[in-house]
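One structure is given below, encoded as structure tokens.
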Amino acid sequence: MNNAQRGLTQHMYMGEDWREHLQSENDGTMRIKAHGDMKVDARIVTDQNHLAKYADDRGPEQLVNAASLPGIVGEAWAMADWHFGYGLPIGGVIATDTEAGELGGAISPGGVGFDINCGVRVLALEATIDDIPNIKKLGGRIAGRIPAGASGKGGLDISMSDLDEIISGGAQSAADLGFGHSKDLENLESGGRLETNNVELSTRAKERGMRALGTLGSGNHFLEIQCVESVEDNETAKHWGLYEGQLLAMIHSGSRGLGHQVCSEHSRKLEQMYKRDGNRWYNENWDFHVADRQLACAPFHSKEGQQYLDDMNGAANFAFANRSALAHRLREVLTLEMGIDGEAKTLYDVAHNIAKVETHMIHGKNCQCAVHRKGATRAFGGDQLELNSHFKITGQPVLVPGDMGTGSWIMSGPISGQNQAFGSSCHGAGRSLSRTKAKKTIDGKALKQKLENSGIRVHASTPNVLSEEAPDAYKDVDEVIELTSKAGLARPVARIIPKVVVKG
DNA sequence: ATGTTC
């Protein structure tokens, strides 16, 4: 039985009761007042109109379930691109008090997701579209250099000791191995490295990692050469060196099979530690109840909680190194084709599937939290100590991929202070059609032709991935950005359109 | 998301 099937047979939902507890906040969000087992209110970045469009999506039920997690604080959030996921909806943000109860509040693999440290890196080129002599040729060269798809071929040749270095050292280790510049590091979330104490990855997880460094993966992962279409915030764009007509490269990838293996093993182990108790699930060692077995969790300070945190951080480090390796491969092509390699500077690199220990103000008091962001981008204010001082007067760049036909956005966190969603923002447009439904209804070949007619070069490993990832399979990214902005989570800086799309 | 089923 795979994870999805295991989940489907064992989860338990609270149904549609939440609709009776729903109220509009008229600030780009709606609130579900705590009821039943909920310990906190839930907030969805949406409005009546937007919510009605996705009435079939069971994400809000999952958010209600998450609001009963042990040690949860503040509110359980869903970003504007939310949709149904494993346990917690994609777009979910939950924070638990690491010091709640005897061993601390919950840390949950399902609250992070399978692709640990899936994230986005943007490189800013010192070039415009007119500087590319032959975009078709460039697209072909990039597609030839960047392995994409589920084949698992084309990873960089590394030794087991290289892999161990990467798991503990992240992007720094990738730079040491010759993949990427060390000057990029200050523009990566957490410097491209999360602290690990005692990572114990399985042989299988490591085997999957050995083959995958420098590969894009499939599904919604991509590499795009993009063009800044419009600047919405002149001052911020100028400070970041962005201008209309400029070329960017956006890399969207994660920890590949290694992270998937880590999530599978920990969620499986924890799920087995919960037994049915009425319509909930119970672990008597920790006296923890969860509404959905897919939200199986351990206390933050328990052996199991700390081991997940360590292994997750190791997988996150692999993902940072993977995006470094992908950027390195891209720079090699740009050098060859355009002679502009080293000038492709890293604007930023940010995770959108991760749990991090952060301090946040809860009811007027500082609280150390395990912030789970699952399909949610960190969006820190400029005064947060972790950020490169370059972002002090703007806030952190928030990189939001849209879909391959419409465009993407670069936003910014607040100039100072933290937003109300634990310093988080949306991570994309959000799916509106399931992969299965998209495959059935969208003709991949016709879509490729349509995109190419509108000036977008598309390289995809299979026609199916085009159907699954078609613009029509996604929500309207501009509407998602507008709601995010209205809720005060992040502010739009620039809208970006694709020129070359490489997809798995 | 995923060597797309342990």
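Letters A, B, ... are given to chains in the order of the sequence lines, protein chains preceding strands, and every chain is numbered from 1.
- In this entry the distance linking CG of A:Leu216 with C1' of B:dT4 reads 16 Å, nearest Å.
- Whole-Å rounding puts the A:Lys503 NZ to B:dT4 P distance at 19 Å.
- In the set B:dT2, B:dT4, B:dC6, the nucleotide with an atom closest to the side chain of A:Ala150 is B:dT4.
- If you check the side chains of A:Ser173 and A:Asp176, you find no donor sitting under 3.5 Å from an acceptor.
- A:Asn322 places its CG atom 10 Å from the P atom of B:dT2, with the value rounded to the nearest Å.
- Neither side chain, A:Asn464 nor A:Glu468, offers a donor N or O lying under 3.5 Å from an acceptor on the other.
- A straight line from CZ of A:Arg204 to C1' of B:dC6 spans 7 Å, rounded to a whole angstrom.
- Backbone-only contact: A:Gly257 has heavy atoms under 4.0 Å from sugar-phosphate atoms and none from a base.
- To the nearest angstrom, C1' of B:dC6 lies 7 Å from CZ of A:Arg268.
- Between A:Tyr86 atom OH and B:dT2 atom C1' the separation is 13 Å, expressed in whole Å.
- Mapping A:Gly149 and A:Glu469 onto DNA chain B by nearest heavy atom places A:Glu469 closer to the 5' end of the strand.
- Using a 4.0 Å heavy-atom cutoff across all strands shown, A:Arg256 reaches sugar-phosphate atoms only and no base atom.
- Distances shorter than 4.0 Å separate some side-chain N or O of A:His221 from OP1 or OP2 on B:dT2.
- Distance A:Phe114 CZ to B:dT5 C1': 13 Å, rounded to the nearest Å.
- If you take CZ of A:Arg435 and C1' of B:dT2, they are 10 Å apart, rounded to a whole angstrom.
- Close to B:dT2, at under 4.0 Å from its OP1 or OP2, lies a side-chain N or O of A:Ser218.
- When all heavy atoms of A:Glu332 and A:Arg145 are compared, the closest pair comes out as OE1-NH2, 2.6 Å.
- Partners of A:Glu386 according to the side chain to side chain donor-acceptor pair (under 3.5 Å) rule, which considers only residues two or more places apart in sequence or in another chain, are A:Ser190, A:Arg378.
- Annotation for A:His252 and A:Cys118: closest pair NE2-SG, 3.4 Å, computed over non-hydrogen atoms.
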